[in-house]
Colleague: 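Handing you a structure now.
In what follows, chains are A, B, ... by sequence order, proteins preceding strands, each numbered from 1.
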Amino acid sequence: MVLDASRRARLHEVLFRWWKDARLERDRLPWRSTRDPWQVLVSETMLTQTQAERVASRYPAFIQEFPTVSSCAGATSAAVLRAWSGLGYNRRGMTLHQSARRIVAEHNGHIPAELESLLDLPGVGPYTARAVRAFAFEQPAAVVDTNIGRVLARAVAGRPLTRREAQELADNLVPDNAIRDWNLALMDLGSLVCRSKSPTCGRCPLGQAGECAWRQRDAPGGGVDPCRGSAAVSGSQARFEGSARQLRGRIVRAACEGPIARSRIIELAGASRAAAAIEQVLTDLLAEGLLLEQPGDLFCLPGEVFS
DNA sequence: AATCCGTGGAC
DNA sequence: TGTCCACGGAT
């Protein structure tokens with residue numbers, strides 16, 4: 001899908017005019033005030049899995065403890081996981097730590113600005129790599145997160161997109177300058193106005209300007225939502241209560257306090273969980289390096305030394 | 001109960 | 001290549 005220059009210019013004008021006011025609230029988020037590549041990498045890694053509000057409550061402490069790539073690289077995995085505690089998806093804390101060590105070893109401690117080099121880092125995918133380029137380096141990059149994916153499918157295309165189409169459309173839309181602002185503005189529109197469940201079309205700058213393909217075709221909320229099934233737009237989740245995810249989180253959190261015994265892990269699992277399921281979770285955590293086995297049927301966080 | 005979220009590995 | 005699933009936990 002190709003956008004002609006006039007539609008592109010119109011979208012820029014309309015969105016930036018709206019964002020001038022909308023950004024005031026969003027700019028209070030702590031990571032909005034930095035362009036330090038390490039701080040951007042940390043915050044974007046946190047934000048890929050967690051709502052902004054929860055990240056806002058933990059990001060400052062994490063940056064205070066690990067203000068630089070080398071401070072993180074020099075720490076133990078256990079220290080990083082403790083600082084990560086409460087954010088969820090502990091594996092990402094591990095990959096962030098591994099990335100820090102790789103950046104020290106392979107890039108002299110400087111976060112690379114090239115897309116390929118960024119994508120090479122563990123835990124860094126198409127979104128995070130482009131986020132670092134756009135937000136830290138002001139380099140040409142179009143991020144496609146779930147919010148932007150929704151706006152692209154609904155307003156720009158008016159139909160579900162494949163992953164490639166979404167990225168191409170986003171690439172096509174990025175202006176030559178104000179790269180950081182453009183990505184933030186599009187993201188803010190998705191999260192504040194073009195929301196997943198209850199989009200406020202009445203207050204949407206694109207709809208009001210006649211630039212929303214969905215709204216041009218259907219009344220607000222009418223028809224089939226074009227973002228359903230569109231690439232990069234997250235769908236529904238598996239039940240959390242009783243899941244392996246829940247138990248993994250409990251185990252890692254408990255291990256943050258110190259070594260834990262197998263019997264403690266079984267307690268954490270609760271009465272209704274099958275023994276085989278508990279064993280599988282434990283096996284997975286060990287294989288992923290999130291947990292380390294110690295003599296005496298004890299388990300601890302990686303990098304800890306006990307005597 | 002459903003919602004909010006990108007990466008990576010299996011197919 | 002594209003699609004599916006696992007992955008945390010507060011609200």
Side-chain angles (χ1 to χ4, degrees), chain A residues 29 31 40-59 81-99 115 118-135 141-152 160-168 170 183 187-188 190-192 194-199 225 227-256 268-270 277 280-285 287-291:
Chain A
L29 297 166
W31 50 88
V40 170
L41 179 62
V42 169
S43 62
E44 291 303 330
T45 302
M46 290 178 172
L47 287 162
T48 62
Q49 56 190 25
T50 310
Q51 292 99 314
E53 201 172 305
R54 197 144 38 114
V55 171
S57 70
R58 289 178 166 83
Y59 165 82
L81 287 174
R82 284 199 184 88
W84 194 264
S85 187
L87 285 164
Y89 292 110
N90 294 295
R91 221 162 49 175
R92 311 264 162 131
M94 286 291 289
T95 59
L96 181 63
H97 184 221
Q98 289 163 4
S99 282
L115 189 62
L118 287 162
L119 288 171
D120 201 40
L121 297 170
V124 175
Y127 170 80
T128 309
R130 288 174 173 83
V132 169
R133 277 176 62 78
F135 300 147
V143 302
V144 181
D145 72 341
T146 190
N147 294 304
I148 291 178
R150 210 162 47 235
V151 173
L152 294 176
L161 300 166
T162 66
R163 185 190 306 220
R164 169 168 294 178
E165 285 176 327
Q167 186 63 60
E168 281 175 354
N183 282 285
M187 215 179 287
D188 285 347
S191 67
L192 298 173
C194 195
R195 298 181 303 205
S196 176
K197 280 293 169 188
S198 49
D225 188 339
C227 85
R228 270 201 294 172
S230 193
V233 177
S234 49
S236 57
Q237 307 296 309
R239 167 188 195 83
F240 178 64
E241 188 63 32
S243 66
R245 285 165 51 197
Q246 181 186 44
L247 180 55
R248 287 168 57 98
R250 283 178 182 175
I251 292 171
V252 172
R253 185 182 286 262
C256 282
L268 290 170
Q280 184 63 55
V281 165
L282 194 49
T283 304
D284 289 345
L285 289 174
E288 291 166 27
L290 282 165
L291 214 55

Colleague: To the nearest Å, how far apart are A/E53 CD and C/dT11 C1'?
Modeller: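 Rounded to the whole Å, the gap is 9 Å.
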Colleague: Which residues satisfy the salt bridge (charged side-chain N to carboxylate O under 4.0 Å, His left out) test with A/R91, sequence neighbours excluded?
Modeller: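 Partners of A/R91 under the salt bridge (charged side-chain N to carboxylate O under 4.0 Å, His left out) test: A/E288.
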Colleague: In whole Å, I'd like the distance from the CZ atom of A/R163 to the P atom of C/dC4.
Modeller: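 Taking CZ of A/R163 and P of C/dC4, I get 11 Å after rounding.
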Colleague: Where the side chain of A/T50 meets the backbone of A/V55, is there a donor-acceptor pair that is under 3.5 Å apart?
Modeller: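 Checking the backbone N and O of A/V55 against the side chain of A/T50, no donor-acceptor pair under 3.5 Å is found.
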Colleague: Please tell me which of A/R58 and A/E288 maps to the more 5' nucleotide of DNA chain C, matching each residue to the nucleotide holding its nearest heavy atom.
Modeller: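 On the 5' side of the pair lies A/E288.
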Colleague: Over all strands shown, is A/A52 touching base, sugar-phosphate only, or nothing at heavy-atom distances under 4.0 angstrom?
Modeller: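 The answer is nothing, as A/A52 stays clear of every strand by at least 4.0 Å.
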Colleague: Find every protein N or O atom lying less than 3.5 Å from an N or O atom of nucleotides 2-4 of chain B, and list the pairs.
Modeller:
residue : atom : partner : partner atom : Å
B/dT3   : OP1  : A/K197  : NZ           : 3.0
B/dC4   : OP2  : A/S196  : OG           : 3.4
B/dC4   : O2   : A/Q51   : OE1          : 3.2
B/dC4   : O2   : A/Q51   : NE2          : 2.4

Colleague: In whole angstrom, give the distance that lies between atom CG of A/L47 and atom P of B/dC5.
Modeller: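 Rounded to whole Å, this separation is 10 Å.
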Colleague: What is the distance, to the nearest angstrom, from the CG atom on A/L118 to the C1' atom on B/dG8?
Modeller: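 The distance from CG of A/L118 to C1' of B/dG8 comes to 17 Å, rounded to the nearest Å.
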Colleague: Would you mind classifying the nucleic acid contact of A/V252 as base, sugar-phosphate or nothing, using non-hydrogen atoms under 4.0 angstrom?
Modeller: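 Answer is nothing: A/V252 stays at 4.0 Å or more from every strand.
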Colleague: Would you mind classifying the nucleic acid contact of A/R248 as base, sugar-phosphate or nothing, using non-hydrogen atoms under 4.0 angstrom?
Modeller: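 Sugar-phosphate contact only.
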Colleague: Determine the contact category for A/Y127: base if any of its heavy atoms lies under 4.0 Å from a base atom, sugar-phosphate if only primed atoms, P, OP1 or OP2 are that close, otherwise nothing.
Modeller: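 It contacts sugar-phosphate atoms only.
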